[in-house]
Amino acid sequence: MTENKNHNAQRLNIEAVKRIVGTVRTTLGPMGMDKMMVDGGGNVIVTNDGATILRELDSAHPAAKMIVEVSKVQETNCYDGTTSSVVLAGQLLSNAEGLFDKGLHPNVVNKGYTKAQAMVLEELPNLIVEGDRSLQAIARTAITGKSLEASEDRVAQLCVDTIRAVGDAADVRVLAAPGGSLNDSYLFEGVVVNKDFVSTDGVFDGKSEVEVLFINSGLEEEKQDGNVQVQVDASSYSSLKKASREEMLESAKHIVASGAKAVFVRDGVHDTIVQYLHKRGIFVCRRVPSSTMKRLSNEFGVKPYHIPEEDMDVSKAVIERRKYNDVDYLFVSSSLASSEATLVLFGATQSTLDEVQRGFDDALGVVSLVANGDDICYGGGSTYLALASSLRSRAAEVGGRAQMAIESYADALESIPGTIAENAGHDALDTVLAMRHAGLPFGPDVESGGIMDMGESQVFEPMSLIRSAITSATEVTTAILRIDDIIGRRGE
Ligand code: ADP
Ligand code: MG
């Protein structure tokens, strides 16, 4: 096979990537636009979130799929920065095309890009902003331009409070209720149990302080395993049944004796037992999902009993029933310093609420990164630009054709602040040139054009967000550039 001097496979892949990046590019930054996505069934999503757009995009091209992967990786690692990583990958690939035109081989481009990445990652720690790390500012940077912006301060504060209470974004529970104002959203320090698992009405209408018990199994007759057939005669069957009934009743008596006024049961509870307990003023919440059970046990610092036994210890709880959008929820909390928290979010409609939740996910994520020790850098693409400047000053160390690739890499980094400015209706090149001249901490002034101090305007982001965007964008770029043939596979 003769070598394809035009690098057609690469060019075809780059075209496909450019098209897909083109759709998310305009959402980048505080003035980025939203996308409305409609599926065959007429379902509509309105979002500004890069990862969501790409996930929903119906793209069949394999290279485009690789780009979608990048946004997913970025979202998993850092929660935010998905659009940035994709825009950067798109620009790196697009610049590679220019390098082919100048006669560079894809391998040379890859070599230069890989070298550039190493130099940039070496430089990044030098750009860390020392001093007070304001979690509010981190949250606000993630929120600007999202549907949450209207309640920016409230939302930023909620994110910070939530992470302080819970510790890590991965542990945050969210209850999203349509029909309300975002401003009324709040943090509940405790566990919310869905009404679906609550067996009766009319209890806990107000706030009640009660003794509670947690049982990690069920209070019902053993289920017959469908695959096993046991032959028993009529008399021994009824005695078997009676035995388990008696066992259940025994369990119920233990619950009554414990003095508990509410019992949370992991599995089913037989109706007769529910009735029995009810008559004695005990509220039963059955079929509590094991994840909720775990959180309840965490909240109260107790291990659930496996089965009811004698002399069980009860916990003191505050239980309140709240109704949102016609659904009943039980809000359960202990008097201990709360270890569980649930974010209760309101939004006008389900679709605005979904977008609110996506915005929260990003903001909670970045706050959690910084709260757990991540360093911070100036935002607005100013750090990318500073990395580009340092890269250019070092490109000559490498020399030869790879140096050209390194310069293209620097140009691609500058596309981040350039795109943020462009999406705000300002000139990308003017902004980039002004930023180069002023250096850090200057970034794009999205309101009135030109540049402004990112420190003064408190635009900060976690360093790992930038690092991860750079590594994932570079990785997918070099992977795509290594492909020199696209071959259809025989279906399975
Ligand atoms: P991503 O999916 O990459 O997070 P966003 O649309 O959320 O994309 O935009 C994030 C970019 O916008 C970051 O570079 C961030 O620093 C920047 N940004 C946020 N607020 C401002 C602001 N007030 N001025 C300039 N840039 C900002
Ligand atoms: Mg963002």
Side-chain angles (χ1 to χ4, degrees), residues 21 23-35 47-55 70-75 77-91 127 129 136-149 152 155-156 159 355 358-367 369-370 376-387 413-426 428 431-432 435 440-470 472-473:
V21 173
T23 50
V24 289
R25 218 188 136 84
T26 55
T27 69
L28 183 71
M31 297 293 184
M33 298 305 230
D34 294 352
K35 299 281 164 185
T47 183
N48 179 271
D49 185 61
T52 307
I53 298 167
L54 291 172
R55 200 171 25 239
V70 172
S71 72
K72 283 191 194 150
V73 168
Q74 180 74 14
E75 191 170 48
N77 289 346
C78 301
Y79 310 93
D80 193 14
T82 51
T83 316
S84 306
S85 65
V86 166
V87 167
L88 184 58
Q91 199 61 47
L127 305 182
V129 182
Q136 262 92 350
I138 291 287
R140 235 178 281 124
T141 303
I143 292 163
T144 3
K146 308 268 179 264
S147 56
L148 300 170
E149 205 179 350
E152 197 179 66
V155 170
C159 289
E355 181 65 354
R358 284 189 283 269
F360 258 102
D361 284 344
D362 287 7
L364 286 168
V366 288
V367 169
L369 287 174
V370 177
I376 61 168
C377 293
Y378 292 111
S382 60
T383 300
Y384 291 94
L385 188 125
L387 290 170
L413 290 171
E414 289 180 340
S415 73
I416 302 290
T419 307
I420 291 174
E422 194 178 310
N423 288 345
H426 309 298
T431 311
V432 166
M435 280 173 68
L440 273 182
F442 282 87
D445 180 343
V446 289
E447 295 288 342
S448 35
I451 56 173
M452 66 180 191
D453 189 322
M454 294 286 104
E456 249 168 50
S457 36
Q458 298 262 295
V459 182
F460 297 113
E461 48 197 43
M463 180 180 77
S464 64
L465 201 73
I466 298 174
R467 191 190 324 114
S468 158
I470 287 172
S472 50

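First listed ligand is number 1; within each ligand, the first listed atom is number 1. Because only heavy atoms are used, hydrogens play no part in the values below, and waters and symmetry mates are left out as well, while side chains stay in.
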**Report entry** Heavy atom of the protein closest to atom 8 (O) of ligand 1 (residue, atom name, distance)
**Finding:** Leu28 CD1, 3.4 Å

Report task. Look at atom 26 (N) of ligand 1 and say which protein heavy atom is nearest, naming residue and atom and giving the distance to 0.1 Å. Result -> Gly380 CA, 3.3 Å

Requested in this report: Report the nearest protein non-hydrogen atom to atom 7 (O) of ligand 1: residue, atom name, distance rounded to 0.1 Å.
Outcome: Lys146 NZ, 3.1 Å

Query raised in the report: Of the protein's non-hydrogen atoms, which lies at the shortest distance from atom 3 (O) of ligand 1, and what is that distance?
Result: Ser84 OG, 2.6 Å

Query raised in the report: If you count the atoms of ligand 1 from 1 in the order shown, which ones are under 4.0 Å from a heavy atom of Thr83?
Result: 1 (P), 2 (O), 3 (O), 8 (O)

Requested in this report: Using only heavy-atom distances, determine whether the side chains of Thr82 and Gln74 contain a donor-acceptor pair under 3.5 Å.
Outcome: no

Query raised in the report: Does Gly29 have a non-hydrogen atom less than 4.0 Å from ligand 1?
Result: yes

Report summary line: If you scan protein heavy atoms around atom 20 (N) of ligand 1, the nearest is Thr144 OG1, 3.1 Å

Requested in this report: Decide yes or no on side-chain contact (heavy atoms from CB on, under 4.5 Å) for Gln91 and Thr419, but give the supporting numbers first.
Outcome: CA-CA 11 Å; Gln91 199 61 47; Thr419 307; 6.0 Å; no

Query raised in the report: Would you say Gly81 touches ligand 1, if touching means a heavy atom closer than 4.0 Å?
Result: yes

Query raised in the report: Relative to the heavy atoms of Thr27, which atoms of ligand 1 are at a distance of less than 4.0 Å?
Result: 6 (O)

Query raised in the report: Non-hydrogen atoms of Gly145 versus ligand 1: any pair closer than 4.0 Å?
Result: no

Query - Proximity of Val459 to ligand 1 by residue part, where a heavy atom lies under 4.0 Å - result: side chain

Query raised in the report: By residue and atom, what protein N/O/S atoms are less than 2.8 Å from the Mg ion (ligand 2)?
Result: Asp80 OD1

Query raised in the report: Against heavy atoms of Gly379, which atoms of ligand 1 measure under 4.0 Å?
Result: 16 (O)

Requested in this report: Note the single closest protein heavy atom to atom 11 (C) of ligand 1, along with its residue, its atom name and the distance in Å.
Outcome: Ile420 CD1, 3.9 Å

Query raised in the report: Going by the atom numbers of ligand 1, which of them fall below 4.0 Å from some non-hydrogen atom of Asp80?
Result: 1 (P), 4 (O)

Query raised in the report: Tell me: protein heavy atom nearest atom 13 (C) of ligand 1, and distance?
Result: Glu461 OE1, 3.2 Å

Query raised in the report: Of the choices Thr26, Thr141, Ile53, which has the non-hydrogen atom that lies closest to atom 19 (C) of ligand 1?
Result: Thr141

Report summary line: re atom 18 (N) of ligand 1, the protein heavy-atom contact at minimum distance is Pro30 CD, 3.6 Å

**Report entry** Nearest-0.5 Å distance, CG of residue Asp361 to CG of residue Asp80
**Finding:** 10.5 Å

